[in-house]
Amino acid sequence: MSDLPQWLDYAFSEHAATAMLRNLSSPLNTSWNELIASAQAVMSVFQEKSEDVTWYYDEQNANPLVAAARILDSASRAIMIESVEERTNLALTAAVAYSMYGNFPSASAVLNPLFNLKLGRIDSSKAVLIATCDPNRLQDAFEYVHPDDNPEERKYLELLNRFLFTGQENLIENIEYLFINPLLRAGTFIGSLMRSARVSLKHILELCVTRNLRTVESFEFNTAAFPRWYLSQLVRQKVRVLLPPQYLAIRRNRLLTRQENAIIALPTSTGKTFLGELCLMASLKDEPGIVCYIAPYVALGQQVYDSFRDHLLRYDESNLRVHRMLGGFYEDVELRPYLNKEVIVATPERFDAFIRLHPEQIPYIRCVVMDEAHLVESDSRGARLEGIVARLRMLQKRHANRKPRIIFLSAVLGSYERIQRWLDVPNGLVITSTWKPTARRIAMWRYDGKLTWHVGEDTIKRSTSTNRSKLGEIYLPWPSPDLYPTESFGTIRKLQPSVYKNVAYLVRFLYDHFQSPILIVCATKANTRGVARALRDYFPELDPVPETIGRALDSIERGYRYLRPLGELLKHQVAYHNSSLPLTIRILIENAVSRREVVAVAATTTLAEGVNLPFRFTILADWLYWGSSGRGPMSSLLFKNIAGRCGRAGVFTEGDTIIFDNPLGNMEYVQPQRRTSLQEAVFIDADTAEIESAFGQIYESSSSRHKEQLRAVLASQFLAAIPENPEEEDLVATFVDNLLSAHDDSSALRLRIHEELYEIRSSIVDESKGALARAASPLHLTNLGIAANHTGFSPQSCRNITFALLDEPEHINCNGFGAYLLRTLGTLPEQSNFDFRKSIEVAGSRFPVKPRDHEYLLEQWTSGEDIENIFINLPYVRRSKRSPSAMAWLNGAESDSWDQEFDKFTEFVRSVLEGYLPWLVRAAGLLSEHLDVPSVAQNWKHWYKLLELGVDTDWAITALDSNAPASRKAVTIIGRRWPLSMQSAGDPLGIIALRHPINREIIDAIFREEINIQEDSMVRDDLITLHRWVFSKTAV
Amino acid sequence: VAGFACVDEDGCNLWLGDPDCDAAHQVILDWLGKRVARFLTGEESVISSVKGNIGEAIAFVVGQEHKFAMEDFPFPANAFHPLRRISQSDIDIVWIHFGQTRNDDLLFLQEVKTTSLPNLKLADGLVVDYEKLFGTNVEFTLHTRLSSIKNILEYQHKKPELCQRVTYLAGKSPQTSPKVSLLPTLVHERTNASPVTKMLAVREMLIGRGWDSKGIELWAIGLSNLEDRLIRLALGAR
């Protein structure tokens, strides 16, 4: 920037500060004094640039200021600067610098500790300054500004508050005027900061959410109209100022007023979800209808749903409803889009099911936002997503108004051309930015003991720097250096503890320096436990334990004794987190991290990809991962997503990801030179190629199983397209044209998919197998085809289900039927659990669940039994002579082998019992209505619910569907004892009957009896809660 | 102008009363009379911070009368309010000369120490004060002070067009600040003191900290009966 003094090399200074804060040995090292002066000089230059603050929203323009803020922030945390007063002053200056380019989250992150530690005296001028750097601190600022003592400062705060709530532009001049007097009255230091904060104030005025979202006629263009109650609610929820990329998307790209599809490819923590929400709301502004937010993970969907509820439902001033369609496949939600504005948060599977089952609702769909849209290239889930988008695209092309609008969100997309062509997104609606609220650092810890930080993808670079340029390094020898490249399974197993020890050592090193939470990402659940156990030795046992950890320990002791080893880790402030853990414990660990009670968590990518927790560092313990095509380096997209987990905006101002140079794995990857070049390419260069169609894997994957899965998805999606396009003459060609595969650079893939679909089409209309569609042009589904489409299975799988039903012996209960389906249809491509499939295909498999156990297993499952008790009673487990015994493990003995067996079992429960089997039962039920299998046709709906929820009575089903706050076991106990005479179709829970005093006595007695005989304290507590819940319903 | 005259001794500017110290006293007193609303009364003690502030006022008057032009901008910390019992811990006097272009602008930083003790040890504090300009406490750095000065230029002097130029007066260190000159100033008891030796030592220390010797102008302002004179000035007495 030409305005900067010639002596100033801000990129050098930023790199130097980064290196010095980390105590790195670096040629960049200089004195903090010079760095601080450089940063202040930058602030001084930018103080005078407040004419058009949108200039700052181009990161290239703001980069010197970004560097200045980071330097001051680093200096405020540098050990070399010992004086608390100096550090406080530096932090305050850093906060101002962050806010000067509209980075209010980082200003807030810097200010929060000052408030928490009550450092520094706060007078009225300082309070005004703080509110101007962090508008969410406005309420706090009022406390320090008494209206009698400081009337002008008070007036300023009041007007600013009013502006944030209303966005009224006529207040702006007065606010700016009122800021001047406190500035002149302030002392030299605060006065100098307030001069800088004039720019911050301009940003607040420009980025104000209400100002930007309400219709203002003086704008060059009309922004979308949002109701006043909604805007007020956003402000109350502390959504007060937009982030610069959000502002540009709304104002420059006109994201909310244009109708075309859009790609929002913004980095982590730049508010993509909120932009998605605004797109949905904008689509609903004029009329009722349906809008949908598709989240690939249940945890992410839940977060979005909670956020939508906070923003949309607090005030019942509209006919707007928010629905959750997460988990399960077919649970129905009643929508009335002709009357209401229906907002759906769904997984792709649930959205797919929704539009298959309710084609009459499709015309009401106004907008679909797809989060983590880059997952379109990943396996069968991505293939399903591609199929859904293709169907939506066909829908758009049939409608002149291009509805439903499709919005793609992704934090990791690096190249967009193919997706842009696919979705027909105009250039102006490919919304990208490199603007990030937090700095992302990257480091490698290599075998030679060098822990090296690289420049990485950061936009602040010296003219001579590349991503791989070094910022500096520390010599930190691995404490267990006995690791070498190997792919031998036995050797890897032997050497794995050394990996754990090294990683744990690094965690302790980082914690000693930064005192901030650390996430360790591992490839397997076993590795999460291994790393966590190694960490225990580095962190002393707490006494007493903090509150949330105490609750987790209590929960383990009462309900999950087999997790006592985890309890021991928690006492040392460390934990592991993977999908084998019960949800209750996972949530408690997440809460403990949020409250900084747990300092290090070893987790699989599930936590790393989904939930937004406040980690300062991420360590990649494993860099080779198992995928559908075997083991290979983690993809750049996944890595970017994981790296985005540390340095949460508003909590931290930077996040470091460190890759442990793990030499264990396939030799083609772990040979030293190859390893280094691969790691640098994937993690440091982080080049991202164009998104590939998952369907391409049908021809490229080395796994026949994988190919089979993808073919099934393709066929299922094509089947769904038939009724949605009743007038399409050549559906195969049209469907192919609307797939991402058709936009591949080479036409080969398109041709292959085209051929594949012709085969699928031929199969669908094949009358010898039972036609699913009539071979006319256009295609029309037969009744069987309609049922098949409603199942979501592929045509071939539907036929297999049909054959199984026709062969089916007369089963009298759901468990027998479920076991039969698992045994006969457990190998369909839609069933994704590899171990379970193998147990059916291969005699003597080591999977703990054998085909002969299925019925017993389902009896246990539907009786509400806890999964660890089901596991312990499996014949394979009971027969085992291992030491310690499974029973000892259940009671808390440490055992890797039982842990790993249980991992497999919990994965089986999640994917097969809770997922695949209910889906299969439902499919069987839908198909049975067109076959002569009355037992299934009559009972499937009931069986489906019993198997999905793992209970055995209607009462229990209704209770769980009504969100009863109790476990499966507790509702099963009461469900079995609840008198049938007190249940009816209109009152399945018997709540109306319960209003009668005699019935109340009966039920009360049942509860008391069960509570008294219950030995398990957790179930006892659940029964007490359930009792309270049931009786509270009678009052309603 | 009567009141003070300057003698150069080994590169140190010795300012002495002209024709005598009483004449200098009168000049200062007249200046104070125009500045302060009221002088202290006999019942009010003249504490050391007030004496220091008066020392700054003396340095200011000398500078204004003998070194700087009317169009140069002075930004004193305490000299305009010398009788206040609290001193601001800023650079005592900042002088800015705006030239024809940005390249011609100059910045003078005058730190003032006032002592009636013959050992003049207080002068060592001048070095400490100048060190803060590029220190790690941003409360006292040169850039902080200059930003604050920009507020005064814009809102009091109504000269917003000059603010950007102020930005470029300072660098990141003494070596990168060629536009900056230092005026370390000692207001001292005239009799029985050898300020030149002390001030030359101050210069050596400043050079050791990276300042260019050409940018250091040493001032020693000697007044007889300084302790008594400072009290009389505070009381408005001749």
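Residue numbering restarts at 1 for every chain, and letters A, B, ... go by the order of the sequence lines.
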Checklist line | Distance (rounded to the nearest 0.5 Å) between A:L92 CG and B:E139 CD | finding: 10.0 Å
Checklist line | Heavy-atom contact with chain B under 4.5 Å, split by part of A:T93 | finding: side chain
Check: About how many Å separate OG1 of B:T167 and CD of A:Q47, when rounded to the nearest 0.5 Å?
Finding: 6.5 Å
Item checked: Spacing of B:T141 atom OG1 and A:F189 atom CZ [to the nearest 0.5 Å] -> 8.0 Å
Notebook entry, point to check: Which members of residues 148-159 of chain B, sorted by number, sit under 4.5 angstrom from chain A on a heavy-atom basis?
Noted result: B:S148, B:K150, B:N151, B:E154, B:Y155
Margin query: Which residues pass the ring pair (Phe, Tyr, Trp, His ring centres under 6.0 Å) test with A:Y56, not counting sequence neighbours?
Written below: A:F46, A:H203
Checklist line | Check against side-chain contact (heavy atoms from CB on, under 4.5 Å), A:R195 and B:C163 | finding: CA-CA 11 Å; A:R195 182 167 187 84; B:C163 291; 3.4 Å; yes
Check: What part of A:E34 gets closer than 4.5 Å to chain B, counting heavy atoms only: side chain, backbone, both or neither?
Finding: both
Note to self: Which atoms of A:L90 are under 4.5 Å from chain B, going by heavy atoms: the side chain, the backbone, both sets, or neither?
What the structure shows: both
Check: Could you state the interatomic distance from CD (A:E48) to OG (B:S147), rounded to the nearest 0.5 Å?
Finding: 8.0 Å
Check: Hey, which residues of residues 172-180 of chain A are touching chain B, say heavy atoms under 4.5 Å apart?
Finding: A:I180
Check: Is it the side chain or the backbone of A:A75 that comes within 4.5 Å of chain B heavy atoms, both, or neither?
Finding: neither
Margin query: Does anything in residues 92-99 of chain B reach chain A? List residues with heavy atoms under 4.5 Å apart, or say none.
Written below: none
